[in-house]
2 protein chains.
Amino acid sequence: MGRKRTKSGKIRLAEVAELAGVSPITASRFFRNPEALSVAKRTRVESAARELGYVPNLAARALASQRTEVIGVLIPSLTNNVFSDVLRGIYDASEGSRYSIQLSNTRYSILQEEKLLRLFLAQKPAGLIVTGIDQTTESRAMLEAADCPIVQIMEIGPNPVDMMIGFSHYDAARAAIAHLFAQGRRRIGFVGARMDPRVQRRLDGYVAAMKDAGLFDQRLIVTTATPTSVTLGGALFADLVARESDIDAVFCANDDLALGVLFECRRRDIPVPDQIAIVGFNDLEFMASAVPTLTSVRTNRYEMGSTAAAMLIEAIEGKRPEKPVLDLGFMVIERQSSQAQRPMASPRAGEWVPAVQNDSVTNDP
Amino acid sequence: MGRKRTKSGKIRLAEVAELAGVSPITASRFFRNPEALSVAKRTRVESAARELGYVPNLAARALASQRTEVIGVLIPSLTNNVFSDVLRGIYDASEGSRYSIQLSNTRYSILQEEKLLRLFLAQKPAGLIVTGIDQTTESRAMLEAADCPIVQIMEIGPNPVDMMIGFSHYDAARAAIAHLFAQGRRRIGFVGARMDPRVQRRLDGYVAAMKDAGLFDQRLIVTTATPTSVTLGGALFADLVARESDIDAVFCANDDLALGVLFECRRRDIPVPDQIAIVGFNDLEFMASAVPTLTSVRTNRYEMGSTAAAMLIEAIEGKRPEKPVLDLGFMVIERQSSQAQRPMASPRAGEWVPAVQNDSVTNDP
DNA sequence: AGGATCGTTGACAGCGCTACCAGCAGCGAC
DNA sequence: GTCGCTGCTGGTAGCGCTGTCAACGATCCT
């Protein structure tokens, strides 16, 4: 009978409009801008849509409106715990909004990033979240030419493309070293892996702090381009102590490395913190329950993700944030592994019974 | 001049076709099924597309063809290391294919899963990857009615919706317990968190093994619905030893818990493995470098993801696998933490210097 | 040689939705 | 009373691509 209805009860906007007794365009408006409808029609369309179980066809919408409701996210790694927290924040913040997340992995390659960016931009995303501030010239140009809001996450720096949210890895590293100085440490080693731009900036912070104190020594630094792991932390630390037997602290570029260093100390019967202090970076969950508990620099990863997505969505909908650059800061969480040296005690197992302590140096910008 | 060209050099298929001197439909075919074109036209279209930098409009393609090139992935958690490995496999395998991944997080809720499934299915995905075999009746019905290939991952069980890839958590747990029995352990505790269906099946395997050996004791089991963490492992273990002081081993439902148990043992001066053996599950990277090194059940998470995606893509393109259900097996990686008990030695730090050993019980179906 | 078949190409007609613009009331101001 | 304004509604015309079918010449078989 109804010739307008296509085969097999497929529910289109037209069906909803028909049932509601309005034109398709009015029904369409209901989904995009319900305020523009009179209350009567609004409720009619709403109940018609519900009754028919209408689900909009996103492809048609994208084609007609020349834009998508996709937020592209470019991160360098899916394995790294740090990014899984950020991602969780992004997904949580986008949930309930009309936007869906399209995730891609650059594998720490800015060339790969450039390629993916080109791909994304061609699909006219509603917004983009990219990691870091080190893009290729070409990527940078594409980002600047893009006609959608963009958030750079994980760190802050000069010349944001658009919005930016993160913290200073340089300052965070300096704060960690300052903490070690305060505990009386002088021969502080640096252990780093992967050496992506953010780890590099942590190293820069370490170098600056050491130089300022007149304690810099190139031989205290051990790094590798190899992806990070707990095992690698142990191996790098082994290299370090083989070369420099007098170190009294190790600053690790991340927590996995720190855990590896802790295990290696245990393997070698090196008392922590009495002989060597350990400080990690990121403050993953396990740091608080290691024995001894491990000092780390806490970063607000979940918030970084959720705030980035929230800011982006606001910007997409026209409400640009007053402050496009957001410094989320960091916090040095002081734990047993970096306590001041005490007179050498017998390093027996089970010595570290005292409760976890959380006196902290904060940086809340 | 050319009235066909829209404003602003936007490159459509029509432009490519015009430059190549063919009809739009021929150009279209080039991208979908180049084999169908004569070599001459194929090269003409190819160079025209390259010259113009043509990028197909996916929305238009989806609208016209009534299907998308999106693979939907439903996983219960973004934070869990286990899933990040699986995801990495999925992303790696989909890279280079025409398909893009759309990821959603069910947060371990089958109701949430049902909701997301409805959303996904409405977009006519090319394929679907879902976690586990415990869907709601409604979800199950939707999956069975879906006209796209589907892979269930993480475990295997009866009645696959379509394809299935995983391993038996029940058998894996039994193998872990058998290993502990072989090491002379009898009072084996079970520590589990979150208690999602797969952890539940590990518990079932543990219970069955203990019952078969006449060693089952309900009081050896400590579980919680709380999400897993290293700290939680320590807390649950503390509960366990407070109640049952005579346990000689702990089987942990995952590696985070195992690490927490190890730290708690260290805190309490309980020698591992001389007094208590520890076995984890998943064999995350850190297990091999802990002190003592930690025994675990290795699971092929990355392969699970990559194989699932590869199978799915094959199936989408019409090549259904000969074996729709794939058991990836597991492997008990025996390490120091579960070695046979030895006469009580002084539990001094640094005792565990011997190299990591990897004699293993395998299950390769 | 004639017809059937294959491989290749093109014309046409939408897919379901929204941008754009026009129309039409109802209202207040002059 | 008329004008212009605002608020709401609808018609028209595509968005860029592909499914379907038809047409064409070339090739093959008997």
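Just the heavy atoms: all of them, side chains too, but no hydrogens, waters or symmetry mates, feed the values below. Here the structure is a predicted model, which means the values were calculated and not measured. In what follows, every chain begins at residue 1, and chains take the letters A, B, ... in the order their sequences are listed.
- The side chain of A:Gln66 places no N or O atom within less than 4.0 Å of a non-bridging phosphate oxygen (OP1 or OP2) of D:dG14.
- In summary, the side chains of A:Ser28 and A:Arg32 do present a donor paired with an acceptor at a separation below 3.5 Å, with no hydrogens or angles considered.
- A:Pro160 has its side chain within reach of A:Gln152: a pair of non-hydrogen atoms, C-beta onward, lies under 4.5 Å apart.
- Atom-to-atom, CD of A:Glu35 to P of D:dG7 comes out at 13 Å; the value is rounded to the nearest Å.
- In this structure, A:Tyr54 reaches the sugar-phosphate backbone alone: every heavy-atom distance under 4.0 Å involves primed, P, OP1 or OP2 atoms, never a base.
- Annotation: side chain of A:Ile71 is in contact with side chain of A:Ile316 (closest heavy-atom distance under 4.5 Å).
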List every contact pair, protein side and nucleotides 9-11 of chain C side both N or O, where the distance is under 3.5 Å.
unit_1	atom_1	unit_2	atom_2	d
C:dT9	OP1	B:Ser38	OG	2.8
C:dT9	OP2	B:Ser38	N	3.1
C:dG10	OP2	B:Ser23	N	3.2
C:dG10	OP2	B:Ser23	OG	3.0
C:dG10	OP2	B:Thr26	OG1	2.4
C:dG10	O5'	B:Ser23	OG	3.4
C:dG10	N7	B:Arg29	NH2	2.7

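- Between the CG atom of A:Leu58 and the P atom of C:dG16 there is a distance of 13 Å, given to the nearest Å.
- Of all nucleotides listed (D:dT18, D:dG16, C:dC17), C:dC17 comes nearest to the side chain of A:Ala64.
- Between B:Tyr302 and the choices B:Asp92, B:Thr307, B:Asp85, the side-chain hydrogen bond (donor to acceptor under 3.5 Å, both in side chains) rule is met once, by B:Asp92.
- Straight-line distance from the CZ atom of B:Phe31 to the C1' atom of D:dC17: 12 Å, rounded to whole Å.
- Look at CD on B:Glu15: it is 11 Å from P on D:dC15, rounded to the nearest Å.
- Residue contacts for B:Arg42: at a heavy-atom cut-off of 4.0 Å it reaches no nucleic acid atom on any strand shown.
- Residues B:Asp162 and B:Val151 are not in side-chain contact: their nearest non-hydrogen atoms beyond the backbone lie 4.5 Å or more apart.
- Taking 4.0 angstrom as the limit, A:Arg67 places a side-chain polar atom (N or O) nearer than this to OP1 or OP2 of C:dA19.
- Between A:Ser65 and C:dC17 there is no side-chain N or O to OP1 or OP2 distance below 4.0 Å.
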Taking only distance into account, with no hydrogens and no angle test, what donor-acceptor pairs under 3.5 Å do side-chain atoms of residues 120-137 of chain A form with protein atoms, sequence neighbours excluded?
unit_1	atom_1	unit_2	atom_2	d
A:Thr131	OG1	A:Leu74	O	2.7
A:Asp134	OD1	A:Arg201	NH2	2.5
A:Gln135	NE2	A:Gly132	O	3.1
A:Thr136	OG1	A:Glu114	OE1	2.7
A:Thr136	OG1	A:Ser139	N	2.9
A:Thr136	OG1	A:Ser139	OG	2.8

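- Distance CG (B:Leu63) to C1' (C:dA13): 13 Å, rounded to an integer number of Å.
- A:Arg98 has its CZ atom 14 Å from the P atom of C:dC17, to the nearest Å.
- The separation between B:Arg32 atom CZ and D:dT20 atom P is 11 Å, rounded to whole Å.
- Rounded to an integer number of Å, the gap from CG of B:Leu13 to P of D:dC17 is 5 Å.
- Between A:Tyr54 and A:Phe31, the ring-plane angle classifies as tilted under the 30° and 60° cut-offs.
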